[in-house]
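These notes are about the structure you will find just below.
Sequence positions, counted from 1, serve as the residue numbers for this chain.
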Amino acid sequence: MTAKPPAFTATDHAMMARALRLAERGAFTTKPNPMVGCVLAKDGVVVGEGWHQRAGGPHAEIFAVQDAGANARGTTAYVTLEPCSHVGKTGPCADALIAAGVVRVVGAMRDPNPLVDGAGFERLRAAGIEVEIGLMEALARQLNHAFLSRIERGRPWLRIKLAISIDGRSALASGDSKWISGEASRNDVHRWRARSGAILTGAGTVLIDDPLLTVRLSDDTPEYERDFVPPVRVVLDPGLATVARGRIRQGDAPTLYIHAADARMPRGVDAEHAHVPVEAGRFDLDAVLALLAARGINEVQVEAGATLAGAFLSAGLVDELLLYVAPVILGDRARPMFEGLPIDTMAERLRMRIIETRRIGDDVRILLQPQSTRA
């Protein structure tokens, strides 16, 4: 017989929802760690709460215990992810809950990180604490989809950002794409960049557009978001043609050049670089993503031209499309959104699921996910 799932109360649901909202506050600052929230409650009253604010700093459970003080004894702890049980840059959170006198722990989900993976919950049970798992798990997984992608699939969550005209064009025939979308959309892109671990582009985009690919948030951004971890700027450049030029090396954000094995760094140029297999000028995109995952990058935002965007899409490596549709027409000589997609029949068409639509200034932002991606 299989064990019956826990019967969670309305109070349990309310407290976990609160913990999930707290966890989301770390979206810009916790990478490469997951976002985690924790609420301590007794008799339906919150006595302490916290969230993981920055990688290397205290975890959510520690902040919640500190917030509650002596009132932590006898409480239920609601955590959006399994408390850690190992010593890293901070001590085990499971031990902190035990020492605080928590009597019940409700967890949204198990942490698949091999350093945890059930050991935290087992430590709590061994200390006599009641543990129940699975409350609002789908929402908890959705919150940390990028972290889970890296841990469970061995590659970052990949999003392609495109600004397009209403006739589906991403640039003029010359390659010029400044500016298809309006200022409000361009400001919105910076918040998506801030939550990403890497902004990836190709050598062609660097040569034509000379982008900075940095994060520039508006003045009204909440303080806890302004402390974001700068995403790595990644340039796919097989022959290192761009390494000594362009604005992409300016600013505080690091830049990583990925190239072919036989490329040589120009004399006098000091830049971080790595190589992956390249055949006929085309990168092994699986190897690119595996390299980024090994560097602890959870989420990649691709801001590139139609060729590279099409290559990721045809390889089945795209998890999300972020489209800013501007009320302009560029005509049939302009470039498409994607190139290199071998679609000849309607049966081969790629189906998308619309996740969200929102008006951003004069533009419309559409978030989509492919209905099927490669495992």
Quiz prompt | Working for side chain to side chain contact (heavy atoms under 4.5 Å, CB included), residues His52 and Glu61 | solution = CA-CA 8 Å; His52 183 36; Glu61 299 89 334; over 6 Å; no
Quiz prompt | Partner residues of Arg247 under the side-chain contact (heavy atoms from CB on, under 4.5 Å) criterion, sequence neighbours left out | solution =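 Counting only residues at least two positions away or on another chain, Arg247 forms a side-chain contact (heavy atoms from CB on, under 4.5 Å) with Lys178, Asp210, Leu212, Gln250.
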Using distance only, find each side-chain donor-acceptor pair of residues 305-316 under 3.5 Å and give its atom names and separation, not counting sequence neighbours.
residue : atom : partner : partner atom : Å
Thr307  : OG1  : Glu339  : OE1          : 2.9
Ser314  : OG   : Gly310  : O            : 3.0
Ser314  : OG   : Ala311  : O            : 3.2

Give the other cluster members for [X], using side-chain heavy-atom distances under 4.5 Å between Ile, Leu, Val, Met, Phe, Trp and Tyr residues; answer none if it is isolated.
X      : value
Ile98  : Leu40, Val47, Val65, Val79, Leu97, Val102, Val105, Phe121, Leu124, Ile129, Val131, Ile133
Val328 : Leu172, Ile180, Leu330
Phe147 : Val36, Leu81, Met109, Leu148, Ile151

Pair [X] + [Y]: basic N to acidic O under 4.0 Å:
X      : Y      : answer
Arg349 : Asp344 : no
Glu122 : Arg125 : yes
Arg365 : Glu356 : yes

Practice problem: Establish, yes or no, whether the cationic atom of Arg150 lies under 6.0 Å from the six-membered ring centre of Trp157 and within 45° of the ring axis. | Solution: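 So Arg150 doesn't make the cation-pi contact.
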Practice problem: Could you tell me whether His190 atom NE2 has more than 12 heavy atoms of other residues or ligands within 6.0 Å of it? | Solution: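 Yes, enclosed.
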Quiz item: Under the salt bridge (Lys or Arg N to Asp or Glu O under 4.0 Å) test, which residues partner Arg104, sequence neighbours left out?
Solution: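 Testing Arg104 for salt bridge (Lys or Arg N to Asp or Glu O under 4.0 Å), a comparison that skips the adjacent residues, returns Asp12, Glu132.
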Quiz item: Rounded to the nearest 0.5 Å, how far apart are CZ of Arg186 and CZ of Arg216?
Solution: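 It is 10.0 Å, given to the nearest 0.5 Å.
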